[in-house]
Amino acid sequence: MKMFQFFLAFLLCITISVEGAVVFDEQIPTADTVLKIEAHPEMGFNFPYFLRIPKGVTHTSVTYLMVETNNSGNNDSFAHHEQETYKEIIRNSLGASLCEVLKVPFLRPVFPRPAREWWLYTHAYDKDAAHITKGPMKRLDLQLIAMTEHARGILKGYGIPVAEKVLMNGFSASGTFANRFTAIHPERVAAVACGGINGIAMLPVNKLNGKSLNYPLGTDDIKKLFGHEFDLKAYRVVPQFIYMGALDDNDAVTFDDAYSKTERATVYRLLSQKMLPDRFSRCDSIYAENKVNATFKTYSHIGHGTDRLIYSEVLAFFKKIIEN
């Protein structure tokens, strides 16, 4: 994957374990700082997360916390996911560059994606992952919320107040996670940017052409899965920037770990087998028909990746949210 990256001149990595909302009584770090927060099941999260505090983050007014889930591949070694997530939070992700320039804290969870249980596409939060009812991987969406709440306490201890709503960002699997998380919890999201999502966004409808659409294609079983109805009113007002490269041929709909045969057939029949431009354009139309505040954009010059142009436009999108 091509990724526009900034070189980080200096990064201090601190490993800590925090019990609750501890007041550190410390000054804001004067260098880019990464905190590793260990898992705290009693606080709602069964896996660690990394929290980056960029140099120059403000403490004079409320800022936002940027959240981007990890995309560390399928591997049965948790150490692998931890190492890759650390790389992603310091340089190997769009969020790493965004947080440095926007001067906002940046959270990245270490969610595993097991190779043995290959059908659990946790990094995209697919149907199988959402249906986990027991064990440490149950309800990753709630675990992510618990992490953001925990991080808010840590940042408060450093004198950095952050808003209750977060900025969601992601590309490829993490972009799909961001899109789906926003549909599940729109009241938690101030704005979301997601790219490389295989030409398909989760649709804000229960049915399409008379066909019921269950998660992650639509919202018909949201209450059954997540305990609350889909909040279309809240979803409509979340600013969304959803983008694809016109040369992108990475279509997750064709793979069994991402979509079931039934889901694949539904996508092909109702949206299109052709990812670009047909399927993506159809999703754009459905969002517009339902008055969702979303911009769908296709970049003609690139495939499954990002570059300086995309980075600058995602940056401008979030900068507008922060400044308003």
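Heavy atoms only, all atoms of each residue included: F171 and G305 are closest at CZ-N, 3.3 Å. In plain terms, the two heavy atoms of L276 and D248 that are nearest each other are CD1-O, 3.9 Å. Residue N293 comes nearest to V237 through the heavy atom pair ND2-O, 4.0 Å, listed as atom of the first residue, atom of the second, then distance. Here the shortest heavy-atom pairing between E100 and D32 reads OE2-OD2, 4.3 Å. Across all their heavy atoms, R279 and V267 have their closest contact at NE-CG1, 3.7 Å. Smallest separation of non-hydrogen atoms from P109 and L144: CG-CD1, 3.9 Å.
Counting heavy atoms from C-beta outward, R152 and L155 have side chains that stay 4.5 Å or more apart. With contacts defined as side-chain heavy-atom distances shorter than 4.5 Å, the pair V314/T306 does not qualify. M202 places a side-chain heavy atom less than 4.5 Å from the side chain of T219. Contact of the N46 side chain with the Q143 side chain is registered, since non-hydrogen atoms from C-beta on lie closer than 4.5 Å.
Using a 30° and 60° split on the angle between ring planes, F78 and F47 fall in the parallel class, below 30°. Relative orientation of the F181 and H185 rings is tilted, given thresholds of 30° and 60° on the angle between their planes.
In terms of modelled atom types and a separation under 3.5 Å, the side chain of R108 and the main chain of T69 share a donor-acceptor contact. Between the side chain of N179 and the backbone N or O of G175 there is no donor-acceptor pair closer than 3.5 Å.
Aromatic ring centres of F230 and Y235: separated by under 6.0 Å. For Y215 and F226, the ring centers sit closer than 6.0 Å to each other.
Looking at E68 and R52, no side-chain N of the basic residue comes within less than 4.0 Å of a carboxylate O on the acidic one, giving no salt bridge. Here D256 pairs with R264 in a salt bridge; the nearest charged N to carboxylate O distance falls below 4.0 Å.
Note that CD1 of I310 and CG of L315 are 13.5 Å apart. Values are rounded to the nearest 0.5 Å. Distance check, rounded to the nearest 0.5 Å: CG of L225 to CG of D221 gives 4.5 Å.
Sorted by first and then second residue, the salt bridge (Lys or Arg N to Asp or Glu O under 4.0 Å) pairs with a member in residues 111-123 read D76-R116, R113-D257; sequence neighbours excluded.
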Can you list the steps and then say if Y299 with E313 is a side-chain hydrogen bond (donor to acceptor under 3.5 Å, both in side chains)? CA-CA 11 Å; Y299 293 90; E313 296 196 356; 2.6 Å; yes

For a side-chain contact (heavy atoms from CB on, under 4.5 Å) check, start with the C-alpha distance between D278 and Q273, then their side-chain angles and the critical distance, and finish with the verdict. CA-CA 8 Å; D278 301 17; Q273 184 170 349; over 6 Å; no

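Hydrophobic cluster membership is shared by W118 and L140, with clusters built from Ile, Leu, Val, Met, Phe, Trp and Tyr side chains linked at under 4.5 angstrom. Follow the hydrophobic side-chain contacts under 4.5 Å out from Y125 and you never reach F255; the two are in separate clusters. One hydrophobic cluster, built from ILVMFWY side chains closer than 4.5 Å, cannot hold both V62 and I322; they sit in different ones.
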